[in-house]
Amino acid sequence: MATAIRAPRVSNHARWMVLLLGAAVFINYVDRGNLATAGPLIKTELNLTNTEFGVLISAFFWTYTPAQLIAGWLSQRFCAYRVLAGGLAIWAVATMATGLVGGFAALLVLRLILGLGESVVFPVASKLAADHLPPERYGQANALTAMGLSFGPAFGIYAGGLLMASQGWRLSFIIFGAVSLLWLIPWLSLKRDAPRIHDDAGPSPTLAQVIARPQAWAAAVGHLCTNYAFYFMLAWLPLYLVKTQGFTLPQMAALGGFVYLLQGVTAMASGLIADRWIAAGATANRARKTLMVTAMLGTTICMAAIGMGTMQVAIGGLILSGVFTGMSSSNIYALGQTLAGPRASGTWIGFQNCVGNFSGIVAPALTGWLVDHAGGFGAAFGVAAAVALFGVLCWGVLIGRIEPVRWSD
């Protein structure tokens with residue numbers, strides 16, 4: 001018979017830290033998603049093709065993706081609090097400067113800088129969560145960051161869309177970048193010497209030791225498959241709704257914001273469900289893997305339905321896709337943190353997120369090419385469905401059992 005597990009108490013420091021990490025992820029996704037929200041206006045003003053716009057969205061990941069490895073290393077060897085503060089300052093300034101650009105080249109450079117600054121968030125968040133939280137609380141902690149991941153685009157596409165419709169796109173970048181810097185005030189006031197709940201005797205495993213584990217590769221490729229549909233939607237949803245479905249900018253902002261709002265609510269719910277399931281006696285393998293496989297199957301069906309269905313079916317698929325994306329986003333990092341343990345969490349998530357974010361390089365650019373050459377979004381949604389289906393295999397079979405890696409071996 002399964003025995004309920006009483007989760008350890010969480011310190012006040014840990015609670016505030018998790019809330020501020022969720023806020024950082026929220027700001028992260030507002031600032032990176034502004035370009036997509038402004039897409040209909042920027043394309044017209046700067047006379048960009050779909051392919052050029054796809055390259056601009058993709059360029060963010062040219063630096064963001066490889067820098068995950070550096071960010072993971074920094075988070076394990078230096079003060080993770082300062083690493084995150086420095087990264088946020090870089091990306092906030094890049095966001096403000098975007099409102100001043102006059103052409104494609106300058107916009108491309110700022111997207112590269114933005115990606116470099118934002119790369120620190122998830123490795124640092126995973127390192128700090130592993131330091132200050134028990135594994136039974138990973139779902140709830142990651143649900144809060146997943147809410148930031150979801151509510152950031154929801155706020156950005158809704159509030160940003162309305163602001164751009166009335167004041168233009170340039171002012172919105174300057175305002176959002178300046179407001180982002182305010183996050184540093186509470187973050188820098190947190191105590192850096194707060195007690196850790198884990199005894200991390202022994203050195204942290206190296207990147208080479210992490211990538212030698214087949215579970216790390218399965219998690220990384222599964223992460224890529226999970227991210228593909230999310231980044232495809234993040235980059236192209238505004239243009240799809242406006243150019244293909246005939247929505248006005250305020251209508252696009254309302255529907256897009258609702259999809260991401262639903263995603264955030266589902267992320268919190270699924271994170272709590274996983275934690276309580278584990279506390280009731282289920283293994284992390286059963287609870288988190290079940291939710292991930294269900295989420296990827298649902299995403300596959302939604303992407304296919306949007307690509308092949310009528311307008312009503314497409315809108316229904318968009319709304320449901322928010323549910324399944326939320327279900328995956330609250331567990332994807334908890335799986336990596338469980339496998340890695342506190343000694344390797346920053347390095348592991350840095351590697352997992354690095355591979356996973358190659359979808360951010362491929363999805364926006366490939367979608368732009370497909371739309372230009374196929375004359376519509378049908379093929380792009382078909383590719384997203386196929387990638388999500390492969391994710392079912394990664395999370396359901398290839399990753400094996402979800403349990404801590406024994407680094408002493």
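Starting from 1, each residue takes its place in the sequence as its number.
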Item to check | Set of side chain to side chain donor-acceptor pair (under 3.5 Å) partners for R286, sequence neighbours left out | outcome: none

Checklist outcome for this item: Sequence neighbours excluded, the answer for side chain to side chain donor-acceptor pair (under 3.5 Å) partners of N227 is H223

Any side-chain heavy-atom pair from [X] and [Y] closer than 4.5 angstrom?
| X | Y | value |
| --- | --- | --- |
| Q68 | F351 | no |
| E403 | L339 | no |
| W348 | V405 | yes |
| L181 | M96 | yes |
| T95 | L114 | yes |
| V25 | L21 | no |

Checklist entry - Tell me the side-chain hydrogen bond (donor to acceptor under 3.5 Å, both in side chains) pairs involving residues 171-180, sequence neighbours left out? => result D31-S180

Next on the checklist: Does anything in residues 358-371 form a side-chain hydrogen bond (donor to acceptor under 3.5 Å, both in side chains)? List the pairs, not counting sequence neighbours.
Outcome noted: W369-H373

Item to check | Verdict with supporting geometry, F324 and F230, ring-ring contact (aromatic ring centres under 6.0 Å, His included) | outcome: CA-CA 10 Å; F324 293 115; F230 175 70; over 10 Å; no

Side chain [X], main chain [Y], donor-acceptor under 3.5 Å:
| X | Y | result |
| --- | --- | --- |
| Q352 | I332 | yes |
| K289 | G400 | yes |
| N285 | I402 | yes |
| N353 | I349 | no |
| T294 | L291 | no |

Next on the checklist: Ring centres under 6.0 Å, that's the criterion: do Y231 and F358 meet it?
Outcome noted: no

Next on the checklist: Can you see whether W395 engages S328 through a side-chain donor-acceptor pair at a distance of less than 3.5 angstrom?
Outcome noted: no

Checklist entry - Roughly how far apart are Q215 CD and L398 CG, rounded to 0.5 Å? => result 11.5 Å

In a table with atom names and distances, give each donor-acceptor pair under 3.5 Å that connects a side chain of residues 382-390 to protein atoms at least two apart or in another chain.
none

Next on the checklist: So, using side-chain contact (heavy atoms from CB on, under 4.5 Å) as the criterion, who are the partners of A59 when residues are at least two apart?
Outcome noted: W62, L108, R111, L112

